[in-house]
Student: 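Sharing a structure here in structure tokens format.
Since the model is a prediction, treat every value here as computed from it, not as a measurement.
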Amino acid sequence: MTSSPHAPQSVAYVRTEDAPILPPPANTTGLYGWARRNFLDSMTDFSDVGSSVRSVLMILLTAFLLWFGISQIWGLIKFVFIDGIWSNPTGARREACLTQAQGGLLPNDQTVGACWPYVAANAKLFIYGRYPMAELWRPNLVFLLLALGLVWTLWSRMPYRKIGAALMLVVFPMVAFVLLTGADLSAPKAFWYVWPLATAILLGLGWAGGKGMGGEAVKAFSGAFWGLGLFFAYILVFALAATMNWGLNSVTTRDWGGLLVTLVVALTGITASLPLGILLALGRRSTLPAVKILSVAFIEFWRGVPLITVLFMSSVMLPLFLPPGTSFNDLLRALIGVTLFASAYMAEVVRGGLQAIPKGQTEGAQSLGLSFWETTRLIVLPQALTLVIPGIVNTFIGLFKDTTLVSIIGMFDLLGQVSSTFADSSWATPVTRPTGYLVVAAIFFVFCFLMSRYSMSMEKKLRRGHAR
Amino acid sequence: MTVSAEEIDVDRSQMKVSDDVAIQITDMNKWYGQFHVLRDINLTVNRGERIVIAGPSGSGKSTMIRCINRLEEHQSGSIVVNGVELTGDLKRIDEIRREVGMCFQHFNLFPHLTILENCTLAPIWVRKMPKREAEERAMHFLSRVKIPDQAHKYPGQLSGGQQQRVAIARSLCMNPQIMLFDEPTSALDPEMIKEVLDTMVDLAEEGMTMLCVTHEMGFARKVANRVIFMDRGQIVEQNEPEEFFNNPQNERTKLFLSQIMGH
């Protein structure tokens, strides 16, 4: 305690009146205060040699950063908007973006920026690949349903969000599958005997265990039987939908391309890798040695191999192990590869969250009689996942961008599809590549930035309760 | 930090010890790896007993009561709670945990749930109680621990004493027959200890069977019918509070009491 000059300089001291409550000094608040704290203080101190040197350096650095940032942004604006070729009245192709000296239509003294006629002419290719023109309503409908579903489930003000989430996770994949492929698959006859039987047995065991019938093993694993049975039932319904005749022309996945492929691979990977990653993370912490070893082996294997290798192996090596004559869809192989790869990363992110939950939380739940799965689902996971939202979204964003790698196994994602047009001589100009890459970068940036912002808003919302 | 016995008003009229056995621990031993933490524990707790377990830190007090609802596993001997023996059988463990409430030193409330949700979670999921009924029940017990107005806040917004009272209410919502307290006031500021002890006294006055690990000797004197002293993993001495405090027999008990009562 420091004594003020008015206070008596002795051990005994009694305050007789409250010290006045004052506003903060004017130069510490508002815009001026902010500027002073953040730059002016570090640039205007010339009281001694060291401070002067530091101030001069700060001024130079600030000036450089301002100049650099502004000139870069200006360059981009100039290339895209001011110098960009926006009109193409004659419907010309490469000539629209070339000067007369280069064999085009533009005056020789014009600086040529982004070639938008090239983008407009190829827009459908960028979005749908070689999907048949007459059937474009199908991917369009899928995009529309996806957008509506995402708004419904992700926007916190929407009603019945749980129903929306359930529809998006259960029904939407089937609808999208049927619409995009046309669903004219056929399954071997044996499947229709074996699969329903397996489903019925699993669900029966789950039900019996829940009712307390059957042996100890049935009781102990009734939850697992239920889970597996429901999964089998879902596959069965999916198979029914996929083999039914919906009157749609079938579209082979070889004709899919562009943003469509990018979104299919990314969204499947994102939705499947999170639950898989959670299961793997729980498995890695399990006390059952078999579960633990399997989880560790799975995670370490997939983390230890580059994604390109995974994709190569799935397209080149997997057919060697399959019985001759069986074919396995390229896209499906890439989907599985990307999903398993991402789930290994996800598992480690989630495990980080699980480790951060104090043991007392589990003990508190257990002391109330909650079972292991109830404790995990209601107490541990909600807290652990909230903690690692940045890591989860990090993995999502990485996965989204890694989808560009599928182009090396002959599939045309957005980047691959745009790159493919660079070989088209009818659009060969010096600005074609920069324009194409700029479009790809812009689209990827928009998706990744949205994911990043959404995760931040969610963190903020969920942190509310924990705040002290 | 002890609250003196004079500060606690206790009505002992409802505190009746019955002949029913609630907990029977026989020849129980426990090891952590090579370390023998609990040695030859024999303890019978009848319904309605209020037992305070005291002893120096590391003496195995907490470990012993954590064995009673199987937060810790014992390696030999037997523990029978409400007539059910604790073995590796998960169903039986859950059955016992439903009937045995527990309060922890650090409360262990669920920070992502509101106070009300903390209290209704177990009745809804474990007892399969309808949500409305569970909420009414939770509000009843929150009123009893005198914080119904905090029901929609999160644990992080409450003081330590309030959090511990919520933890007690959360346990009571499961309608337990036995309550275990593991140093419930050790993490609290002195001014909050009393509000938690008052709640525990209320509980004792209603005839709850209680086992408390605590350093609150005032509480032990006024509320307990038996004080157990543990040292180095063994029960060294037990007696009625008056005898225990005024006439300790074992040297280690005497030393412990002289240290704890010294100031």
Side-chain angles (χ1 to χ4, degrees), chain A residues 162 208-226 286-288 353-354 356-389 458-468, chain B residues 62 65-66 68-72 88-115 117-127 152-160 163 166-167 170-176 179-180 182 187:
Chain A
K162 278 187 182 160
K211 291 273 172 206
M213 291 186 280
E216 284 302 311
V218 176
K219 270 188 238 167
F221 289 105
S222 92
F225 284 132
W226 265 121
S286 171
T287 47
L288 306 172
L354 292 175
I357 305 304
K359 204 161 166 257
Q361 289 292 304
T362 325
E363 288 178 351
Q366 284 175 343
S367 75
L368 291 165
L370 278 98
S371 69
F372 169 78
W373 285 109
E374 285 164 344
T375 305
T376 303
R377 201 165 74 75
L378 302 167
I379 306 302
V380 178
L381 277 181
Q383 297 184 58
L385 293 181
T386 308
L387 278 175
V388 294
I389 286 174
M458 202 147 91
E459 272 173 60
K460 229 175 168 175
K461 216 179 109 210
L462 291 172
R463 210 185 294 129
R464 229 180 19 197
H466 297 248
R468 161 96 219 207
Chain B
S62 291
I65 70 162
R66 285 159 60 89
I68 294 170
N69 65 353
R70 193 77 171 190
L71 289 181
E72 302 284 352
D89 183 347
L90 292 173
K91 291 267 168 195
R92 273 203 237 172
I93 294 172
D94 285 343
E95 200 178 308
I96 287 170
R97 284 176 181 163
R98 283 199 285 270
E99 308 300 333
V100 179
M102 183 155 191
C103 290
F104 301 84
Q105 181 177 1
H106 296 289
F107 331 132
N108 296 356
L109 294 179
F110 309 130
H112 62 304
L113 301 177
T114 62
I115 298 307
E117 288 165 343
N118 264 279
C119 294
T120 57
L121 186 83
I124 289 174
W125 286 90
V126 179
R127 295 245 189 255
H152 295 286
K153 288 191 180 168
Y154 286 92
Q157 297 166 300
L158 269 56
S159 73
Q163 290 193 47
V166 171
R170 179 175 77 173
S171 290
L172 294 180
C173 284
M174 285 295 282
N175 202 14
M179 283 291 292
L180 308 174
D182 188 1

Student: Keeping the roles fixed (side chain from B:H112, backbone from A:L378), state whether a donor-acceptor pair exists under 3.5 Å.
Tutor: yes

Student: Does any part of the side chain of A:P382, heavy atoms only, come nearer than 4.5 Å to the side chain of B:F110, both counted from C-beta?
Tutor: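 Contact flag for B:F110/A:P382 side chains = no.
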
Student: Does any backbone or side-chain atom of B:R70 lie under 4.5 Å from a heavy atom of chain A? Answer side chain, backbone, both or neither.
Tutor: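 Neither the backbone nor the side chain of B:R70 comes within 4.5 Å of chain A.
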
Student: Tell me the closest heavy-atom pair linking A:Q361 and B:P111, and the distance in Å.
Tutor: OE1-CD, 3.4 Å

Student: Out of B:L113, B:L121, B:V100, B:I96, return the one with the most heavy atom pairs under 4.5 angstrom to chain A.
Tutor: B:L121

Student: Using modelled atom types and a 3.5 Å cut-off, is there a donor and acceptor pairing between side-chain atoms of B:N108 and backbone atoms of A:G360?
Tutor: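 A pair under 3.5 Å: yes.
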
Student: Heavy-atom distances under 4.5 Å only: say whether A:E374 touches chain B with side chain, backbone, both or neither.
Tutor: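 For A:E374, the contact with chain B is made by the side chain alone.
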
Student: On a heavy-atom basis, which atom in B:A122 and which in A:L368 lie closest, and how many Å separate them?
Tutor: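 Here B:A122 and A:L368 meet closest at CB-CB, 3.7 Å.
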
Student: Under a 3.5 Å distance rule, please check whether A:Q366 uses its side chain to pair with a backbone N or O of B:D94 as donor and acceptor.
Tutor: no

Student: State which residue, out of B:N69, B:L180, B:D182, fulfils the side-chain contact (heavy atoms from CB on, under 4.5 Å) condition with A:S367.
Tutor: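 Result: among B:N69, B:L180, B:D182, B:N69 is the only option passing the side-chain contact (heavy atoms from CB on, under 4.5 Å) with A:S367.
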
